[in-house]
Amino acid sequence: MPPLRHDAVRGRTPESGKQTDSRASPLTAPRTLDFADVAGILGDLTGRTVTRVVMDDDEWTSAAVAGGMSRPVAEFALTMFAASRNGEFNTTDPTLEATVGHPARTVQEVLETALRTI
């Protein structure tokens, strides 16, 4: 594994050396996806219909707790969905790939690997 680039770790984009507007560069894939996109990819890989189901926050938290997740963990996990709804993940940036020295794995690649293990 190549060493981390210190300029990227410090919040500078490797290409320009410019300081980013946040404390750290966003470490993202080169393409954004929503859950409908992920459902479509999973459906293509499995040959099954995968439907995105939207739940309100209380319903999701209750279902997670009923499934064995502790309430504090469920409430923390829910913050990821809230951040997504607020557009927090609607950005892409080349810093991740520049830092690790290779292209980021796609969601399709990750799901293909996961499906091979079940």
Side-chain angles (χ1 to χ4, degrees):
M1 181 167 157
L4 292 177
R5 290 183 47 139
H6 293 290
D7 55 348
V9 172
R10 288 190 189 107
R12 298 182 187 282
T13 58
E15 291 76 25
S16 68
K18 290 179 12 183
Q19 182 70 30
T20 62
D21 61 358
S22 64
R23 299 189 94 177
S25 295
L27 299 177
T28 69
R31 178 174 168 228
T32 62
L33 300 172
D34 63 19
F35 286 114
D37 296 324
V38 175
I41 293 167
L42 189 55
D44 290 344
L45 292 174
T46 63
R48 297 178 176 180
T49 300
V50 178
T51 305
R52 174 182 176 236
V53 176
V54 178
M55 302 170 79
D56 71 32
D57 292 355
D58 291 335
E59 183 182 11
W60 188 91
T61 302
S62 294
V65 170
M69 192 179 286
S70 72
R71 181 160 295 280
V73 171
E75 290 170 349
F76 174 76
L78 182 64
T79 66
M80 301 299 175
F81 294 104
S84 179
R85 278 193 308 261
N86 292 332
E88 297 292 328
F89 305 126
N90 291 347
T91 187
T92 61
D93 186 275
T95 302
L96 174 64
E97 291 180 342
T99 301
V100 298
H102 58 81
R105 292 181 66 202
T106 66
V107 169
Q108 179 164 337
E109 291 168 332
V110 171
L111 290 174
E112 287 171 338
T113 300
L115 289 169
R116 281 195 298 271
T117 64
I118 56 174

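A distance-only check finds a donor-acceptor pair linking the side chain of Asp34 to the backbone of Ala36 [under 3.5 Å]. No donor-acceptor distance shorter than 3.5 angstrom exists from the side chain of Thr32 to the backbone of Asn90, with no hydrogens or angles considered. Remark: the backbone N or O of Glu109 is paired with a side-chain donor or acceptor of Thr113 at under 3.5 angstrom.
The only member of Leu45, Asp44, Thr46 that meets side chain to side chain contact (heavy atoms under 4.5 Å, CB included) when paired with Leu111 is Leu45.
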Test log, rule salt bridge (charged side-chain N to carboxylate O under 4.0 Å, His left out), inputs Arg31 and Asp37:
CA-CA 11 Å; Arg31 178 174 168 228; Asp37 296 324; 5.1 Å; no
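The two residues Thr92 and Pro30 come nearest to each other via the heavy atoms CG2-O, 3.5 Å. The two atoms that bring Thr61 and Ala74 nearest to each other are CG2-CB, 4.1 Å, heavy atoms only. Of all non-hydrogen atoms in Thr91 and Glu88, the two that sit nearest each other are CG2-O, 4.5 Å.
Taking hydrophobic clusters as Ile, Leu, Val, Met, Phe, Trp and Tyr residues chained together by side-chain heavy-atom distances below 4.5 Å, Leu115 shares a cluster with Ile41. Hydrophobic clustering places Val38 together with Val50 (ILVMFWY residues linked when any side-chain heavy atoms are closer than 4.5 Å, directly or through intermediates). Under the 4.5 Å side-chain contact rule for hydrophobic residues, Val107 and Leu27 do not share a cluster. In the hydrophobic clustering of this structure, Phe35 groups with Met55; members are Ile, Leu, Val, Met, Phe, Trp, Tyr whose side-chain heavy atoms approach within less than 4.5 Å, directly or through other members. Both Val53 and Trp60 are members of a single hydrophobic cluster when ILVMFWY side chains are connected at heavy-atom separations under 4.5 Å.
Thr106 contributes atom OG1, which lies 7.0 Å from atom CD of Glu112 (distance to the nearest 0.5 angstrom). Between the CZ atom of Arg71 and the OG atom of Ser62 there is a distance of 5.5 Å, given to the nearest 0.5 Å.
The ring pair (Phe, Tyr, Trp, His ring centres under 6.0 Å) check on Phe76 picks up nothing, with sequence neighbours excluded.
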